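To keep things clear, I will list the structure first and then write my remarks on it.
All values below were derived from every heavy atom in this structure, side-chain atoms included, with hydrogens, water molecules and symmetry-related copies excluded. The model shown is predicted, which means the values in this text are computed figures rather than measured ones. The sequence lines fix the lettering, A, B, ..., with proteins before strands; numbering per chain opens at 1.
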Amino acid sequence: MTNENQQTTPLQDENQLIAERREKLSKLREQGVAFPNDFDRKDMAGDLHATHDAKEKEALEADKVEVAIAGRMMLKRVMGKASFATIQDMSGRIQLYISNDIAGMETHDAFKHWDMGDIIGARGTLFKTKTGELTVQVSELKLLTKSLRPLPEKFHGLTDQEQKYRQRYLGLITSEETRNTFMARSKIIQTIRDFLVERGYLEVETPMMHPIPGGASAKPFTTHHNALDMELFLRIAPELYLKRLVVGGFEKVFEINRNFRNEGLSTRHNPEFTMIEFYEAYRDYRYMMDLTEEMFRETAKAVLGHAVVQYQGHTINLAQPFDRLTITQAIHKYHPKRYSDEQLGDRVFLKAELEKMGGNQHPTDGIGGLQLALFEETTEQLLIQPTFIIDYPAEVSPLARSNDANPGITERFELFIVGREIANGFSELNDPEDQSDRFMAQVRQKEAGDAEAMHYDADYIRALEFGLPPTAGEGIGIDRLVMLLTDSPSIRDVILFPQMRLED
RNA sequence: GGGUUGUUAGCUCAGCUGGUAGAGCAGCGGACUCUUAAUCCGUAGGUCGACAGUUCGAAUCUGUCACAGCCCA
């Protein structure tokens with residue numbers, strides 16, 4: 001790939017509307033400072049509504065409340081000798097009233113030529129219109145930033161999905177729903193951070209560039225460090241670094257940050273996405289499931305006010321205890337009497353069944369892997385209410401601690417909601433020799449052609465050899481959690497700037 | 001990667017079985033001192049995603065490509 005696709009020249013999409021606004025800007029430049037930065041904004045629309053909406057018209061006007069407010073002009077209604085405008089700031093909208101009487105004819109005439117989308121500052125006093133709407137009677141008005149491009153249509157807003165994602169600022173300007181989604185995202189992350197900090201967790205940052213990609217089964221992005229002449233990988237997971245910190249004595253750690261996986265795009269996948277991973281020493285996977293339920297409930301309550309979530313026509317109840325089922329229990333529960341225990345324990349039967357369904361199976365799959373594949377084909381998408389699937393086969397869980405009674409399975413869970421995996425956790429494998437054997441098995445799989453199999457990480461083994469206390473850990477896909485709590489159908493609706501193809 | 005739908009004015013959308021482009025908003029000019037997507041009158045604005053093909057004639061039919069949405073892997 002060359003750099004010829006990169007845009008180094010301005011977009012050539014001038015039109016008559018933009019030309020007219022450029023002409024207005026050029027007149028502003030002639031008159032003085034075209035982009036003044038000396039307006040002292042003192043008030044926010046939302047605060048003014050909160051403080052004064054309930055007051056009676058007469059009482060409010062007797063108070064003569066002086067305000068200084070600024071924002072983007074979203075609506076404009078000119079009526080000869082007086083005008084109304086609606087401006088929008090980060091907290092909301094408020095109406096301005098500009099008249100020849102108070103603001104003066106010169107100011108009002110100038111205002112008439114301003115455009116929707118312009119950013120203006122206004123000083124004046126609050127009053128209520130005859131319909132009772134809180135409004136600023138403007139005495140001074142200043143154009144702070146000329147907008148050269150017309151906004152999307154004022155009533156329908158931006159409906160073009162592509163433009164919504166490529167030019168996110170337009171959606172943020174015109175869609176309250178979009179603003180609310182990203183404010184909810186911030187609140188969700190803040191709540192989770194507080195939840196863990198309150199419980200004695202330490203927030204840390206570990207490398208985004210890894211010499212060995214590890215901690216998950218996925219294809220990495222590759223990059224190169226020139227000075228060290230060294231191949232590096234954008235991380236696919238922070239797991240192995242966070243557990244090194246537990247070895248170091250940070251017994252409760254978490255990190256909220258980006259992971260990168262070089263895979264396809266879909267309504268559930270973006271190449272960079274946000275995960276929280278957290279680790280706590282002297283706990284096991286059952287404790288982690290309890291903690292997860294509590295965290296999800298608390299987060300939903302913080303964002304929505306309650307723990308019953310509406311998602312795309314489903315009612316998801318986070319208030320009740322989450323189901324906890326093994327893979328075969330889940331298959332039985334959602335397909336009663338479809339399979340016998342003998343069949344689910346019969347490799348030949350499972351392979352034949354998967355063949356019928358066209359499922360992708362690896363020839364090396366053991367019984368556990370085949371059961372998992374059958375679960376994914378038949379049951380996963382039916383797990384609408386929050387459900388922990390527990391006790392995953394060791395062959396697909398190379399970093400999880402084995403069950404003491406049955407080493408073929410691990411103390412691991414995945415949480416499913418609305419048929420989607422949203423979290424993954426386990427009792428950590430802290431036996432360095434077992435971990436070394438598991439890495440070796442992964443390397444054999446990689447050599448057999450599995451591009452997503454893990455590498456052998458000798459430094460991580462060395463860390464385990466110093467002693468990782470018994471620990472439980474978990475990762476939660478933040479984007480998918482935000483989708484759930486904001487009723488968003490696509491991951492692109494909850495990532496401010498989702499990955500897109502280059503524009504032509 | 002496969003299937004499917006879409007791409008027309010700055011924005012939101014019409015445009016019939018093929019006859020050469022329309023509305024609303026935004027803009028510009030005018031009227032209007034309590035509007036709420038203000039209203040009313042006038043006016044300007046387009047390589048119909050790109051390239052081929054069929055045809056006397058293509059926004060419309062066919063093919064390829066680009067981008068996007070949805071479904072599937």
On RNA chain B, check which nucleotide each of A/L265 and A/H113 is closest to and give me the residue with the more 5' one.
A/H113
Closest nucleotide of RNA chain B for A/A82 versus for A/P489: which of these residues is on the 5' side?
A/A82
Return the value, rounded to whole Å, for the distance between atom [atom1] of [X] and atom [atom2] of [N].
X: A/R268; N: B/C70; atom1: CZ; atom2: P; value: 11 Å
X: A/H269; N: B/C72; atom1: NE2; atom2: P; value: 13 Å
X: A/K154; N: B/U35; atom1: NZ; atom2: P; value: 15 Å
X: A/N100; N: B/C34; atom1: CG; atom2: P; value: 13 Å
X: A/M116; N: B/G10; atom1: CE; atom2: P; value: 17 Å

Would A/R185 and A/T274 count as a side-chain hydrogen bond (donor to acceptor under 3.5 Å, both in side chains) here? Give the steps.
CA-CA 11 Å; A/R185 182 180 176 114; A/T274 302; 3.2 Å; yes
Assign [X] to base, sugar-phosphate, or nothing according to its heavy-atom contacts below 4.0 angstrom with the strands shown.
X: A/Y165; result: sugar-phosphate
X: A/M79; result: base
X: A/T159; result: sugar-phosphate

Please give the distance between the [atom1] atoms of [N] and [M] as a whole number of Å.
N: B/A66; M: B/G29; atom1: P; result: 45 Å
N: B/C61; M: B/C48; atom1: C1'; result: 16 Å
N: B/A26; M: B/A59; atom1: C1'; result: 24 Å
N: B/A9; M: B/C51; atom1: P; result: 16 Å
N: B/A14; M: B/U4; atom1: C1'; result: 24 Å
N: B/U47; M: B/U20; atom1: C1'; result: 13 Å

Working for side-chain hydrogen bond (donor to acceptor under 3.5 Å, both in side chains), residues A/T135 and A/Q95
CA-CA 5 Å; A/T135 302; A/Q95 181 168 262; 3.1 Å; yes
Nucleotide of [options] approaching [X] most closely (side-chain heavy atoms):
X: A/L158; options: B/C11, B/U35, B/A68; value: B/C11
X: A/D101; options: B/U33, B/A68, B/U35; value: B/U33
X: A/K81; options: B/U35, B/A38, B/U33; value: B/U33

Quick one: is A/R149 getting a side-chain N or O under 4.0 Å of the B/A26 phosphate, OP1 or OP2?
no
Look at the side-chain N and O atoms of A/K112 and state whether any lies under 4.0 Å from the OP1 or OP2 oxygen of B/U33.
no
Taking the side chain from [X] and the backbone from [Y], do they hold a donor-acceptor pair closer than 3.5 Å?
X: A/E395; Y: A/G366; value: yes
X: A/R438; Y: A/A400; value: yes
X: A/D118; Y: A/S147; value: yes

Anything under 30° is parallel, anything over 60° is perpendicular, the rest tilted; go ahead and classify A/H455 against A/F233.
tilted
Under 6.0 Å from the ring centre and within 45 degrees of the ring axis: does the NZ or CZ of A/R412 meet both conditions for the six-membered ring of A/Y392?
yes
Return the stems involving RNA chain B, sorted by first number, where pairs are Watson-Crick (N1-N3 with N6-O4 or O6-N4) or G-U wobble (N1-O2 and O6-N3), both under 3.5 Å, and runs are 3 or more long.
B:1-7 with B:66-72, B:10-13 with B:22-25, B:27-31 with B:39-43, B:49-53 with B:61-65
